[in-house]
Every structure is written in structure tokens, then in C-alpha cells.
Amino acid sequence: MELAKFRQRGPFEWVMPATGRMRVPGVIYASRDLIEAMDEKVAEQVANVASLPGIVGASYAMPDAHWGYGFPIGGVAAFDADEGGVVSAGGVGFDISCGVRTLHTGLKLADVEAAKARLADVLYARIPAGIGSTGALRLSAAGLDAMLHGGARWAVKEGYGSEADLARIEESGCVAGADPSAVSDMAKKRQRDEMGTLGSGNHYLEVQVVEAVFDTAIAQAYGLAVGDVVVSIHCGSRGLGHQIGTDYLREMVIAAPAGIALPDRELACAPLKSKLGQRYLGAMRAGINCALANRQILTHLARAAFADVFPRVRLPLLYDVSHNTCKEEMHRVGEERRRLFVHRKGATRAFGPGHAELPREFREAGQPVLIGGSMGTASWILAGAAGTEERAFGSACHGAGRAMSRHEALRRWHGRNVVDELAARGILIRSPSFRGVAEEAPLAYKDVGAVVEAAEQAGLAVKVARLKPLVCVKG
DNA sequence: ATGTTC
């Protein structure tokens, strides 16, 4: 994009002064190379978000930002309900609470290399993957509502995992204020058979090895060392979250003319202090709990698969992060602490050292920030940096971000070839869809290393460890 | 991301 409209506040911070209908400045955290490569639409969307009522501080974009629906993916924006602030379905995204969790295995690379193909087959047999995939669970109406209220806490009560897992999930695995009655029957119907499924697109379950450690002290606090094998699960709220997004986007577009003048109808939103805004928050929180429960059940399935191959191995949870949320949080703004509704769309919460929400054992290190790479490339574990609350309300990047469209990727690659090439490099892919594999080819994504480097240089997060994939179950 | 195009 054109850089003339920005004023640089440091080598990795680009400020767009508030002009026209913008109420606050826009801020993009990126290297010169990354921001130059971003679509002009990202700046336009950052500016559009800055024009929404009740926005506080600035409209932010992370180093992996790209063009999204209304809000950029990689966008962060906080709103104050007392100042006419809004909540936006497009500002959360369709895959509500899509996120990543990483599990320790206690195994070393050599242990897994010896059994890699069998492990890949067992995981693929146990983990339902692909569009429209269904799980073993069939939820009744009452069971579904209990899940939407209870999130991962509900899943643990149902026998999926342990109480210890909950301490390693944002909000202890269950976000308050979920309102299942605000979720449509259609959304619930779509989810009835989809609990414990991976879904498709960029969702995956990966077995990974810690390839490099960049901060020994934090790595130690997280229980990570070079050669350790971990499991990462990337997925979200499946059909339910998508249907909630669709339902409320429609309602917010219809309601908009009565209230807010929008620069782009994709920014459809509702005042936080409106019935529609409150209903969406209740439904969106139910969607978050659905994603947390889904990742918890998938964790249970991964544990069962590992037990088939390594009978005495346990898979304790390192941490679980969500990427597509609107969360009510306290933040310092100037001299005061204010209750804000922070939209993170394709952005990870990244609380720095000392934050009261963090588990005690991570309090000093800062929050684990789990960055999913593209299939066949590195993933990263970062830590929330000191001062990140002042930079982007305690947020950081979430992944590599696409470099080309799915259509373009399909034109360039065949899934079979991608699988073979990765196998030659020791990375085993198991997927129901060669088409999906082609769409997710490693080169269809930006360089996640450059994104992570920019996040660190911008002071959002600290590099802790780089992970290399060994096995990937792909939706 | 998504019962892969309301």
C-alpha cells in the first residue's frame, strides 16, 4: 500500500492521523516490507473502523493484517458502552472464537519419528475433519444449551479432559454472559452433530517439534525445550459460529439506518446499550463457549489417539487462545481504568507480565501467544510483552495470513503433489480433501517468521519458541 | 471460516 498517509512513530508503527469521519487515529504495527505488501483496502478498513461511535484510543491492525469483511482480519478495536460504543458481528468474524491450543506430550523428537506414520494414521482415524464432518456426540436441545453456557467447563464435566485443563484456557474455559436463547434454532441445529470436529479451511491438528528456543526463561516457565514434541489444535465454533455471524450481520444491516451512518455496510453494528447489541453479545459468547468446548473434545480425542501409540503418555494443556472475539475487559486509558469491549478479529489476546487473568505460573512470563503457521511451515509460541496493553489493548498477531486467494492456489498446485513434497521433507499430511490441501499450500501464505519478527519489534509480544510440523491432520 | 453460492 501507499505509505504517504502514514506518520511513522517507530520502525514498526505506522500512524494514520484522524481525518474526515475518523474519530481516532489508525495504527498499523508492521515492518516496512509487510505494510507495503498489504492491500490498500487494509488502510481503508482501519480508517472505517476508526469512524465507529464510541471507539477508544485507536483503530489497530496487526502485522498479519489483510482485507476482511468490514473490519480487517488482524484488526483490534475497543469500544466504551457509555460513550455510544458499538459491537459488530463483522468485527468478530464468522468463525467465532476460532483459536489455537497447544498440548505438551512429554515425548522427544526421536520417540515420535519412530512411530510417525502410525501416529498420523491413528490421529486421522480419531479426529473428524473436513467440511460437514460430524462427531460421535449427538446433543439434545438441553445438552446443547448446557454446552453453550459452560464451554470447556461443560466438556470437562462430560468427561472430556480434566479440571487442570481449565486453568490453561482464557477465562478458565467458560466465558460469562452467554445467552443460548439468543442463538437461532438454525445455528443450534447445525451444531448438534458437529462437536469434536475440526472443520475445514485452515483448521488442523498438528504434531510439532520445538525447533528453536528464543527466550530460555519464558520457555522454561511454559515447560518447553528444544526437541520437545507438542500437539497444536486450530479450529473454531464450526457451523454454529458461522450461523450466528450470518444471522446477526443481517439483523445489524437492517437495524443500521435507524441509528448509525456507516462508511461501509459491511461494518454493520449495534450500540452496546441496545437490545440487538446485548443479544449479539449473548449469542457471540455462546459461540465462544462452543469453540472452547469443541477444542476440549478434540483434545480428548488427541489424547486417546496418542494413548493408542504411546500408552503411558499424557497430554497436559499448555494454553488455549481465541482469535475472533469481542471481550469485556478493563484497560488503562490515559489516567483512568475503563471497562471496554475489545474486538479482536484475527488477533490474539496477549496480556503482558503481571496480568491478574493469567495462571500464576505464567504471571511473570506473560500470556502464551500461540501462532499457527500455514501447513508445512513453522508455528510459533510468543509471550505477551510488557506494555502491550498500552499498544493494542493487550493484543498481538495470530498467524501468517494468506498471500494469495484460494482460487489462485488451486490454479497453481495439486493437492497430491503438495502432500508428496511435504512427505519428502518428513511432514505427513492426512486430509479428506486434496482440494483443501492445495488451497492451503505453504506458499499461499505469507512468511509467518516476518510477521512474528514485526510483532516482537513493535513491542506486542516476545519470541519464545519456533515449532516445526511432523504430522498434520487437515480439514 | 461455511450444510464449499441467498
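Throughout, protein chains are lettered first and strands after them, A, B, ... in sequence-line order, and every chain is numbered starting at 1. Just so it is clear, the structure is predicted and the values come from calculations on it, not from any experiment.
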For this session: Would you please confirm or rule out a distance under 4.0 Å between OP1 or OP2 of B/dT2 and any side-chain N or O of A/Ser200?
Result: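 Checking B/dT2 against A/Ser200, a side-chain N or O does come within under 4.0 Å of OP1 or OP2.
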
Exercise. With respect to the phosphate group of B/dT4, does any side-chain polar atom (N or O) of A/Arg435 fall under 4.0 Å of OP1 or OP2?
Worked result: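 For B/dT4, OP1/OP2 do not have a side-chain N/O of A/Arg435 under 4.0 Å.
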
Mind checking if [X] touches a base, just sugar-phosphate, or nothing, with heavy atoms under 4.0 Å?
X        : result
A/Gly199 : sugar-phosphate
A/Gly236 : nothing
A/Glu194 : sugar-phosphate

For the pair made of [atom1] in [X] and [atom2] in [N], what is the distance, rounded to whole Å?
X        : N     : atom1 : atom2 : answer
A/Asp193 : B/dT2 : CG    : C1'   : 16 Å
A/Tyr248 : B/dT2 : OH    : P     : 20 Å
A/Glu440 : B/dT2 : CD    : C1'   : 14 Å
A/Phe94  : B/dT5 : CZ    : C1'   : 13 Å
A/His242 : B/dT4 : NE2   : C1'   : 10 Å
A/Met186 : B/dC6 : CE    : P     : 12 Å
A/Asp247 : B/dT2 : CG    : P     : 16 Å
A/His407 : B/dT5 : NE2   : P     : 12 Å

For this session: For this output row, return yes or no: ring centroids of A/His414 and A/Phe434 closer than 6.0 angstrom.
Result: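 A/His414 vs A/Phe434: aromatic centres not under 6.0 Å.
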
For this session: Run the ring-centre check on A/Tyr248 versus A/Tyr280 and record whether the distance is less than 6.0 Å.
Result: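 Judged by ring-centre distance (under 6.0 Å), A/Tyr248 and A/Tyr280 do meet the cut-off.
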
Exercise. Within 45° of the ring axis of A/Tyr445 and under 6.0 Å from its six-membered ring centre, is that where the NZ or CZ of A/Arg402 lies?
Worked result: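 The answer is yes; both the distance and angle limits are met.
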
Exercise. Between A/Arg250 and A/His234, who's closer to the 5' end of DNA chain B by nearest nucleotide?
Worked result: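 This one resolves to A/His234.
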
Exercise. In terms of the nearest nucleotide of DNA chain B, which residue is placed more toward the 5' end: A/Ile131 or A/Gly201?
Worked result: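 With A/Ile131 and A/Gly201 compared, the 5'-side residue is A/Gly201.
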
Exercise. Are A/Ser322 and A/Arg295 linked by a side-chain donor-acceptor pair shorter than 3.5 Å?
Worked result: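 Yes.
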
For this session: Kindly determine whether A/Arg339 and A/Glu329 satisfy salt bridge (Lys or Arg N to Asp or Glu O under 4.0 Å), including the steps that lead there.
Result: CA-CA 6 Å; A/Arg339 182 173 303 280; A/Glu329 296 169 1; over 6 Å; no

